[in-house]
Amino acid sequence: MNLQIELAPQHKSGLLLKNPVITASGTFGYGIEYAKIAEVQRLGAVICKGTTLHSRAGNAQPRTQETSSGMLNAIGLQNPGIHIVIDKYAPMWETWQTPVIVNIAGETVKEFGQLAQLLEGVPGVAGIEVNVSCPNIQEGGAVFGANPHTVAQVTAAVRRSTTLPLIVKLSPNSGDARPTALAAAEAGADAVSLINTVTAMSIDIHARRPALANGTGGLSGPAVKPIALRMVYEVAKELRASHPHVPVIGLGGISTAHDALEFLMAGASAIQLGTINFVNPHAGVEIIEGIEEFMRQEGISDISEIIGAAL
Ligand SMILES: Cc1cc2nc3c(=O)[nH]c(=O)nc-3n(C[C@H](O)[C@H](O)[C@H](O)COP(=O)(O)O)c2cc1C
């Protein structure tokens, strides 16, 4: 059975994964922590926590909250900064069979370009995922990801600064991700991933105030799956017609092989696992095995027979 997936068909060296199961940014640390308990080398790829130019302590506590069938978070991009990621983690990733993609977040368009430039030629870094769901400081804190024009600017700045495969991660919060997906594809993204978290909130009724210190947070987990699936389906359909060599990576609430197969059939070439990693660190391997089992049962020899089957 062939589960291999080419994530960057337009890129000169490509980004070939042994299977389509990737762990999502912010939910799998740097892979290194999970490597002690899970079979990280069997994953298609790992995406590390969002990385900024300088270290960040993140938002005040509380910054996570369980909700019915999901979780809210407002971590605020806590991370040690790009230099530590390059010096401390990349040398370990270089020894792995599983490629590691670095997720980056800037406060300005220029900063996104700088982050990409710093990753250029670093052994152990297989690609870049750009998180456009962060506040654009130059534009008074509006989110980059909501506006196709700013998504194009960020994508173009990163594209100019890197020869690495480039994935642009889209926000669901405009309601329709097709305009931002098209903007990213036109500005040089090798692939797009969606969805990031859905802006949401929870109230502490005893304190009579929002449960998260930040007020609002991002909703993830099973609660967002049907929304994510609809958005992936729409974007895959759109890109198939206009940019057939720009794959879509689907995520949002995937917890089982059944969920993963739905996203693949909706047109995702690969999937990412987020919140489920907190519940079950072995979910990645179990989902790979579940996809293989489905393919065996259905007499499918190549994963490409499934991708976009429901479009
Ligand atoms: C605690 C937490 C931290 C996250 N941090 C990041 C991040 O740093 N960068 C990013 O692009 N997405 C981040 N995300 C979003 C996830 O990668 C993913 O897009 C989202 O959770 C939806 O997938 P899921 O429902 O499978 O979790 C984070 C999500 C959670 C729950």
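For the numbers below, each heavy atom of this structure counts, side chains included, while hydrogens, waters and symmetry mates do not. Counting convention: from 1, in listed order, for ligands and their atoms alike.
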All side-chain hydrogen bond (donor to acceptor under 3.5 Å, both in side chains) counterparts of Asp190, not counting sequence neighbours: Arg159

Sidechain N-carboxylate O distance under 4.0 Å for Arg56, Glu107: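 Yes, Arg56 and Glu107 are salt-bridged.
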
Run the salt-bridge test on Lys237 and Glu234 with the 4.0 Å N-O cut-off and return the result as yes or no. no

Nearest-neighbour protein heavy atom for [atom], which is reported as residue plus atom name and distance:
| atom | result |
| --- | --- |
| atom 3 (C) of ligand 1 | Gly26 O, 3.4 Å |
| atom 20 (C) of ligand 1 | Thr197 CG2, 3.8 Å |
| atom 6 (C) of ligand 1 | Ser25 O, 3.4 Å |
| atom 24 (P) of ligand 1 | Gly253 N, 3.5 Å |
| atom 21 (O) of ligand 1 | Ser220 CB, 3.2 Å |

Check each atom of ligand 1 against the heavy atoms of [X] and keep those under 4.0 Å away; list them by number with element.
| X | result |
| --- | --- |
| Asn103 | 9 (N), 10 (C), 11 (O) |
| Gly274 | 24 (P), 26 (O), 27 (O) |
| Ile195 | 19 (O), 22 (C) |
| Leu77 | 8 (O) |

So is there a nitrogen or oxygen of Lys49 less than 3.5 Å from a nitrogen or oxygen in ligand 1?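 Yes, at least one N or O pair falls under 3.5 Å.
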
Taking distance alone, with N or O pairs closer than 3.5 Å, would you say Gly50 contacts ligand 1?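 By distance alone, the answer is yes.
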
When you look at Ser133 and Lys169, which way does the side chain to side chain contact (heavy atoms under 4.5 Å, CB included) test go after all the steps? CA-CA 8 Å; Ser133 304; Lys169 183 170 180 179; 6.0 Å; no

Ligand 1 versus Asn196, non-hydrogen atoms closer than 4.0 Å: side chain, backbone, both, neither? both

Pick one of side chain, backbone, both or neither for how Lys169 approaches ligand 1, counting any non-hydrogen atom pair under 4.0 Å. side chain

Just go through Leu251, Val224, Asn73 and tell me whose heavy atom is the nearest to atom 2 (C) of ligand 1. Asn73

Using heavy atoms and a 4.0 Å limit, tell me yes or no: is Ile47 in contact with ligand 1?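 It does not, in that no heavy atom of Ile47 comes within the 4.0 Å cut-off of ligand 1.
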
Using ring centroids (six-membered ring only for Trp), state whether Phe144 and Phe112 fall under 6.0 Å.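 Yes, the ring centres sit under 6.0 Å apart.
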
Will you find, in the side chains of Lys18 and Thr98, an N or O donor that is under 3.5 Å from an N or O acceptor? yes

Side-chain donor-acceptor pair under 3.5 Å between Arg63 and Gln78, yes or no?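 Side-chain D/A pair, Arg63 to Gln78: present.
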
Just jot down the salt bridge (Lys or Arg N to Asp or Glu O under 4.0 Å) partners of Glu292, sequence neighbours excluded, or say none. none

Min side-chain heavy-atom separation Tyr30-Pro80 under 4.5 Å: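 Result yes, sub-4.5 Å side-chain heavy-atom pair found.
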
Give a yes or no on whether Arg209 atom CZ has more than 12 heavy-atom contacts from other residues, nucleotides or ligands under 6.0 Å away. no

